[in-house]
Amino acid sequence: MDANRRAFLGTAALGAGGLVALTQAAAAAATDHGAPGAGGFGRDVQQLPPGAPVAYHDPKDVGAMPDFRFSLDGNVPKITSGGWAKEATVHQFPISKGIAGVHMFLDPGASRELHWHAIAAEWAYVIDGRCQTVVLDPSGASEINNYEPGDLWFFPKGHGHSIQTIGDKPCHFILSFDNGAFSEHGTFSITDWIDVSPKDMLALDFGLPKEALNAFPKGEAYIQAGPVIPISQALDAPWPKESTHKFRLLKDPRAVRDFDGGTFRLATVDEWPVSKSMSGGVMTIRAGQMRKFHWNVNANEWHYYLKGKGQVALFGSGGRGKVAEFSPGDVAYIPMGFGHAIKNVGDEDLEIVQTWDNGRFEEIDLDAWIRASPNYLLANNFAGVPADTITKLKQG
């Protein structure tokens with residue numbers, strides 16, 4: 001009897017109920033979807049015929065895997081008399097819903113004028129040059145700090161602040177904000193405010209003749225050119241308390257979190273109490289090495305690539321995965337909970353500025369999860385994988 005005839009007779013012997021079950025099993029094996037209502041309802045449930053060994057994901061059941069790379073430094077700069085700024089917000093980089101970023105360059109003597117942000121806190125990493133910040137909090141307390149490469153500042157949402165280059169060298173830095181919708185075009189700037197306000201009210205507030213206000217800038221200065229401020233003449237008046245807005249990332253031993261393959265300097269709210277809504281730091285990965293597979297439990301992750309060539313593999317669930325390569329000036333955005341790994345695919349060190357939109361830094365490594373799981377669970381999950389391979393997998 002040929003195989004087709006035996007299969008036909010076997011199917012006929014099953015009867016109507018058996019035929020339905022067989023049909024459902026075949027459908028499940030192809031797509032992992034059964035018929036509507038299959039499996040029962042409430043307490044009246046039953047086993048279904050086995051489906052495919054590996055679940056099928058219909059692309060229509062989940063959103064498309066978004067692009068997670070954007071060229072921040074390839075974006076159009078906003079240029080004024082004293083420097084420039086480039087930004088990456090959710091408007092240009094749709095995946096970046098939780099964090100926006102800016103690369104800002106100030107000429108010697110220039111200042112980013114007095115301003116505040118209504119919808120986001122500001123975290124910064126100084127790349128090169130020296131600068132000074134002045135910040136005012138709601139209590140009326142103010143702080144003046146001077147910065148050099150490798151330093152951080154953090155200004156809580158709504159706190160008034162400014163940035164000015166000190167010394168005869170330009171200063172540039174990376175800014176990160178804990179709201180992807182934040183834009184440098186939406187800051188509340190002092191020149192803009194004075195320009196659009198009634199002159200008689202301003203004169204009354206400051207005790208000035210009304211005509212004196214005619215000399216003020218027309219419009220928003222944003223970044224204003226000015227005379228060079230010698231470093232020796234730059235004031236420095238830090239707060240004598242732990243909530244200082246400055247952190248010496250590359251010099252503070254509390255920031256060290258090195259790993260196999262590279263170095264990591266990180267400041268969280270534990271090391272830097274003022275930074276309640278953001279964590280951040282700098283990661284360096286040696287050539288050919290990687291930051292292994294992991295995910296962030298409580299925050300979105302944002303990268304700015306300073307040096308080298310990197311590759312990021314992103315896992316988004318539902319059969320979705322994407323790999324992208326990054327060069328200096330690029331930014332990456334990893335949504336909270338998405339699995340990822342970062343590899344140095346160049347010939348020199350890979351340097352990345354990284355921020356998270358939570359003051360508490362939490363992550364879980366894939367290999368630690370595997371090591372914590374019983375062998376019989378792993379053998380079930382990885383059906384068909386030899387036992388000795390699973391043992392080696394747990395050993396790392």
Side-chain angles (χ1 to χ4, degrees), residues 1-69 94-98 292-301 312-324 333-341 362-394 396:
M1 185 183 298
D2 62 35
N4 289 340
R5 180 170 173 76
R6 283 197 302 271
F8 172 78
L9 292 176
T11 301
L14 285 172
L19 184 60
V20 170
L22 190 63
T23 302
Q24 289 187 354
T31 69
D32 86 6
H33 289 71
F41 297 86
R43 293 187 180 276
D44 183 19
V45 295
Q46 60 275 329
Q47 232 176 321
L48 291 174
V54 178
Y56 166 79
H57 291 289
D58 189 333
K60 295 191 294 292
D61 290 341
V62 291
M65 188 70 164
D67 290 329
F68 65 100
R69 175 196 167 275
I95 191 178
S96 187
K97 293 180 173 63
K292 57 191 177 184
F293 289 89
H294 64 286
W295 74 94
N296 299 107
V297 176
N298 65 339
N300 300 294
E301 178 175 324
V312 178
L314 186 67
F315 168 57
S317 78
R320 299 179 303 166
K322 185 171 281 190
V323 178
Y333 186 85
I334 314 295
M336 179 167 50
F338 278 43
H340 56 288
E362 296 180 352
E363 61 181 2
I364 297 177
D365 288 342
L366 174 60
D367 63 348
W369 192 24
I370 287 176
R371 285 196 301 271
S373 301
N375 278 35
Y376 50 79
L377 173 62
L378 296 174
N380 179 278
N381 283 189
F382 303 132
V385 175
D388 62 337
T389 299
I390 289 177
T391 299
K392 291 176 183 176
L393 190 68
K394 290 194 66 169

Is any side-chain heavy atom of Thr389 closer than 4.5 Å to one of Phe382?
no
Do any N or O atoms from the side chain of Lys322 and from the backbone of Ala313 form a donor-acceptor pair under 3.5 angstrom?
no
Donor on one side chain, acceptor on other, Asn375 and Lys394, under 3.5 Å
yes
State the CZ-NE2 distance between Phe293 and His340, to the nearest 0.5 angstrom.
10.5 Å
I'd like to know if the side chain of Arg320 reaches the main chain of Pro66, judged simply by a donor and an acceptor atom lying under 3.5 Å from each other, with no hydrogens or angles considered.
no
Starting at CG of Leu314, measure out to CZ of Phe68 and round the result to the nearest 0.5 Å.
5.0 Å
Scan for salt bridge (Lys or Arg N to Asp or Glu O under 4.0 Å) pairs involving residues 380-392, sequence neighbours excluded, and state none if there are none.
none
I need the Asn381 CG to Ile390 CD1 distance, nearest 0.5 Å.
9.0 Å
Show the atom names and distances, to 0.1 Å, of all donor-acceptor pairs under 3.5 Å that link a side chain in residues 364-373 to residues at least two apart or in another chain.
unit_1, atom_1, unit_2, atom_2, d
Asp365, OD1, Arg291, NH1, 3.4
Asp365, OD1, Arg291, NH2, 2.9
Asp367, OD2, Lys292, NZ, 2.8
Asp367, OD2, Arg371, NH1, 3.3
Ser373, OG, Trp369, O, 2.9

So, Tyr56 side chain and His33 main chain: donor-acceptor pair closer than 3.5 Å or not?
no
Are more than 12 heavy atoms, taken from residues, nucleotides or ligands other than Gln46, located less than 6.0 Å from that residue's CD atom?
yes
Do you know the tightest heavy-atom contact between Tyr333 and Ile95?
CE2-O, 3.0 Å
Euclidean distance, Phe315 CZ relative to Phe338 CZ, rounded to 0.5 Å
9.0 Å
Shortest non-hydrogen contact between Asn296 and Glu301, atoms and distance
OD1-OE1, 2.6 Å
Heavy-atom check, side chain of Val312 versus side chain of Ile334, under 4.5 Å:
yes
